[in-house]
Participant: 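Quick one: this structure, given as structure tokens, is what I'll be asking you about.
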Amino acid sequence: MNQEEINDYKKAGEIAKKVKEYARSIIKKDTLLLEIAEKIESEIIELGAKPAFPVNLSINEIAAHYTPSFDDKTLACGLLKVDFGAHINGCIVDVAFSLDLENNEENKKLILASEKALASAIEIVKKEKNKEVWKIGKTIQEEITAFNFSPIRNLSGHALGEFRIHAGLTIPNTNNGNETRLEEGAYAIEPFATTGIGSVYEGGKSGIYSLQERKAVRTMEARKILDFIEEEYKTLPFCSRWLVKQFGTKALFSLSLLEKEGILHHYPQLIEKGKGKVSQAENTILINKEKVEVLG
């Protein structure tokens with residue numbers, strides 16, 4: 001990384017911290033998820049960054065990839081995961097936290113489990129000279145199981161790249177024996193704790209997409225939307241809600257066409273297999289010349 005990239009990561013991190021505080025202040029039980037998402041995304045832009053992906057607002061057994069549609073009437077309730085990212089020039093800071101919106105002791109314990117797992121994982125990265133990913137996973141697993149919950153095995157943290165949320169390397173939430181080491185760069189660590197069996201399956205479509213492959217498009221409207229996607233989001237995830245705001249509801253047909261042609265990837269919702277409630281905690285770290293800095 002050059003100094004300009006490091007500065008962009010740090011600026012994105014400062015913005016993410018402010019947005020996290022703002023999000024906690026506005027989220028109340030029975031608030032429209034649509035209102036929450038749009039306020040968080042607007043705050044990211046207002047503070048000088050761009051959303052790295054649509055705000056995820058996933059309730060109870062939905063672990064990830066729920067963002068409200070343009071006409072969504074879902075209300076905030078239960079155990080709510082709030083997952084968002086801010087980027088400056090493609091340098092991404094990815095953070096998440098969970099809220100108990102029903103004053104439930106089990107929810108509070110689940111939130112504490114994922115938060116303690118995250119804090120312990122970051123401490124391991126700071127202390128270990130050889131930052132092997134299995135050690136991070138082992139720490140997360142031990143912290144969550146100490147609460148008698150399960151870590152979600154098939155969700156993981158990840159390296160962050162320029163305009164790339166998942167940049168190759170994964171950081172497990174269990175001890176998977178992987179001796180790969182964290183080198184210089186940015187990484188998102190994200191423990192998930194659940195009352196279920198510790199695995200997710202792919203559920204319904206989320207309305208979240210990313211550009212997969214540029215191909216020729218026959219219809220003028222779809223071509224116009226594809227050009228906008230490529231220019232505005234590059235390889236970062238985006239959602240149908242954003243395109244409806246830009247082009248109106250006719251954009252939905254073009255999205256469907258682009259998905260069918262294999263040009264866009266449509267992310268599924270990720271749901272805990274045992275229908276257990278899920279908490280999430282996430283932060284981004286920057287490793288630079290052996291120094292580990294927490295960004296979000």
Participant: Establish, from distance only, whether the side-chain atoms of Gln280 and Glu190 form a donor-acceptor pair under 3.5 Å.
Facilitator: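 There is such a pair (donor and acceptor under 3.5 Å, judged by atom type) between the side chains of Gln280 and Glu190.
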Participant: With hydrophobic residues grouped by side-chain heavy-atom distances under 4.5 Å, do Ile59 and Ile27 end up in a single group?
Facilitator: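 In one cluster: yes.
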Participant: Check whether any side-chain heavy atom of Leu211 lies under 4.5 Å from a side-chain heavy atom of Leu264, and answer yes or no.
Facilitator: yes
Participant: Could you tell me the separation between the OG atom of Ser256 and the CD atom of Glu261, rounded to the nearest 0.5 Å?
Facilitator: 10.0 Å
Participant: Give the intermediate values and the outcome of side-chain contact (heavy atoms from CB on, under 4.5 Å) for residues Lys131 and Ile287.
Facilitator: CA-CA 10 Å; Lys131 306 177 192 306; Ile287 302 177; 3.9 Å; yes
Participant: Are the side chains of Tyr209 and Tyr233 in contact, using a 4.5 Å heavy-atom criterion?
Facilitator: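 Tyr233 does not reach Tyr209 side chain to side chain.
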Participant: Please round to the nearest 0.5 Å and tell me the distance separating atom CG of Leu160 and atom CD1 of Ile92.
Facilitator: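 So the CG of Leu160 and the CD1 of Ile92 are separated by 5.5 Å.
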Participant: Just so I know, are the side chains of Glu132 and Asn178 near enough to count as touching, which here means a heavy-atom distance under 4.5 Å?
Facilitator: no
Participant: Quick check, are the ring centers of Trp242 and Phe70 under 6.0 angstrom apart?
Facilitator: no
Participant: So, the side chain of Thr194 versus the backbone of Gly196: is there a donor-acceptor pair under 3.5 Å, distance only?
Facilitator: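 Answer holds: yes.
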Participant: Using side-chain hydrogen bond (donor to acceptor under 3.5 Å, both in side chains) as the criterion, list what pairs up with Tyr187, not counting sequence neighbours.
Facilitator: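 Residues passing side-chain hydrogen bond (donor to acceptor under 3.5 Å, both in side chains) with Tyr187: none at all.
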Participant: Fit a plane to each ring of His158 and His166, take the angle between them on a 0 to 90° scale, and name the class: parallel (under 30°), tilted (30 to 60°) or perpendicular (over 60°).
Facilitator: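 Correct class here is tilted.
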Participant: One pair to check against side-chain contact (heavy atoms from CB on, under 4.5 Å): Phe238 and Ile208. What are the steps and the verdict?
Facilitator: CA-CA 6 Å; Phe238 60 92; Ile208 303 171; over 6 Å; no
Participant: Just checking, Lys109 and Phe149: is the charged tip under 6.0 Å from the six-membered ring centre and within 45° of the axis?
Facilitator: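 Judged by the rule, Lys109 and Phe149 form a cation-pi pair.
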Participant: Does a donor on one side chain sit under 3.5 Å from an acceptor on the other, for Ser279 and Ser114?
Facilitator: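 Indeed, the side chains of Ser279 and Ser114 share at least one donor-acceptor pair under 3.5 Å.
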Participant: Does a donor on one side chain and an acceptor on the other come within less than 3.5 Å for Asn56 and Lys81?
Facilitator: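 Side-chain D/A pair, Asn56 to Lys81: absent.
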Participant: Would you say that Pro54 contacts Arg241 through its side chain, given a criterion of any heavy-atom pair below 4.5 Å between the two side chains?
Facilitator: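 Side-chain contact under 4.5 Å: yes.
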Participant: Is there a side-chain contact between Leu99 and Arg24 (heavy atoms, below 4.5 Å)?
Facilitator: yes
Participant: Among residues at least two apart in sequence or on other chains, which ones pass side-chain hydrogen bond (donor to acceptor under 3.5 Å, both in side chains) with Tyr201?
Facilitator: Lys275
Participant: When you look at Val217 and Ile263, which way does the side-chain contact (heavy atoms from CB on, under 4.5 Å) test go after all the steps?
Facilitator: CA-CA 9 Å; Val217 181; Ile263 296 167; 3.7 Å; yes
Participant: Could you pull out the closest heavy-atom pair between Ala193 and Ala113, with the gap in Å?
Facilitator: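 Smallest interatomic distance, heavy atoms only, reads CB-CB, 4.2 Å.
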Participant: When clusters are formed by joining ILVMFWY residues with side-chain heavy atoms under 4.5 Å apart, either directly or through shared neighbours, do Tyr22 and Val82 land in the same one?
Facilitator: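 Same hydrophobic cluster.
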Participant: Rounded to the nearest 0.5 Å, what separation is found between the CZ atom of Phe53 and the CG atom of Asp94?
Facilitator: 4.0 Å
Participant: So, applying salt bridge (Lys or Arg N to Asp or Glu O under 4.0 Å) with Glu128, which one of Lys135, Lys138, Arg181 is it?
Facilitator: Lys135
Participant: Just checking Glu123: does its CD atom have more than 12 heavy atoms from other residues, nucleotides or ligands closer to it than 6.0 angstrom?
Facilitator: yes
Participant: Is atom NZ of Lys215 surrounded by more than 12 heavy atoms (other residues, nucleotides or ligands) closer than 6.0 Å?
Facilitator: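 Result for NZ/Lys215: enclosed.
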Participant: To the nearest 0.5 Å, what is the distance between CG (Leu79) and CD1 (Ile111)?
Facilitator: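 Spacing of CG (Leu79) from CD1 (Ile111) equals 5.0 Å.
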Participant: Ile144 and Pro191: which non-hydrogen atoms are nearest, and at how many Å?
Facilitator: CD1-CB, 4.2 Å
Participant: Side chains of Asn154 and Leu270: closer than 4.5 Å at any heavy-atom pair?
Facilitator: no
Participant: Side-chain heavy atoms nearer than 4.5 Å, only ILVMFWY residues, links allowed to pass through others: does that put Leu110 and Ile152 together?
Facilitator: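 No.
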Participant: When you compare the side chains of Glu259 and His266, does any donor N or O come within less than 3.5 Å of an acceptor on the partner?
Facilitator: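 A donor-acceptor contact under 3.5 Å links the two side chains.
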Participant: CD of Glu106 to CG of Asn148: how many Å apart, nearest 0.5 Å?
Facilitator: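 The distance works out to 11.0 Å.
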Participant: Can you tell if the side chain of Lys205 reaches within under 4.5 Å of the side chain of Tyr267, non-hydrogen atoms only?
Facilitator: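 Heavy-atom side-chain distance check fails, nothing below 4.5 Å.
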Participant: So, are Lys18 and Glu43 salt-bridged, with charged N and O less than 4.0 Å apart?
Facilitator: no
Participant: What residues form a salt bridge (Lys or Arg N to Asp or Glu O under 4.0 Å) with Lys11, not counting sequence neighbours?
Facilitator: none
Participant: If you define the side chain from C-beta out and look only at heavy atoms, does anything of Leu182 sit under 4.5 Å from Val292?
Facilitator: no
Participant: Over all heavy atoms of both residues, which pair between Ile140 and Pro172 is shortest? Give the atoms and the distance, please.
Facilitator: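 For Ile140 versus Pro172, the nearest heavy atoms are CD1-O, 3.8 Å.
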Participant: List the atom of Ala16, the atom of Gly296, and the distance in Å for their closest heavy-atom pair.
Facilitator: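 Reported closest heavy-atom pair: CB-CA, 4.5 Å.
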Participant: Ignoring hydrogens and angles, state whether a donor on the side chain of Tyr66 or Thr74 is under 3.5 Å from an acceptor on the partner side chain.
Facilitator: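 Judged by distance alone, the side chains do pair up.
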Participant: Taking the side chain from Ser42 and the backbone from Lys39, do they hold a donor-acceptor pair closer than 3.5 Å?
Facilitator: no
Participant: Measuring from atom CG of Asn7 to atom CD of Glu4, what distance do you get when rounded to the nearest 0.5 angstrom?
Facilitator: 8.0 Å
Participant: Could you tell me whether Arg214 and Glu230 make a salt bridge, using a distance below 4.0 angstrom between a side-chain N and a carboxylate O?
Facilitator: yes
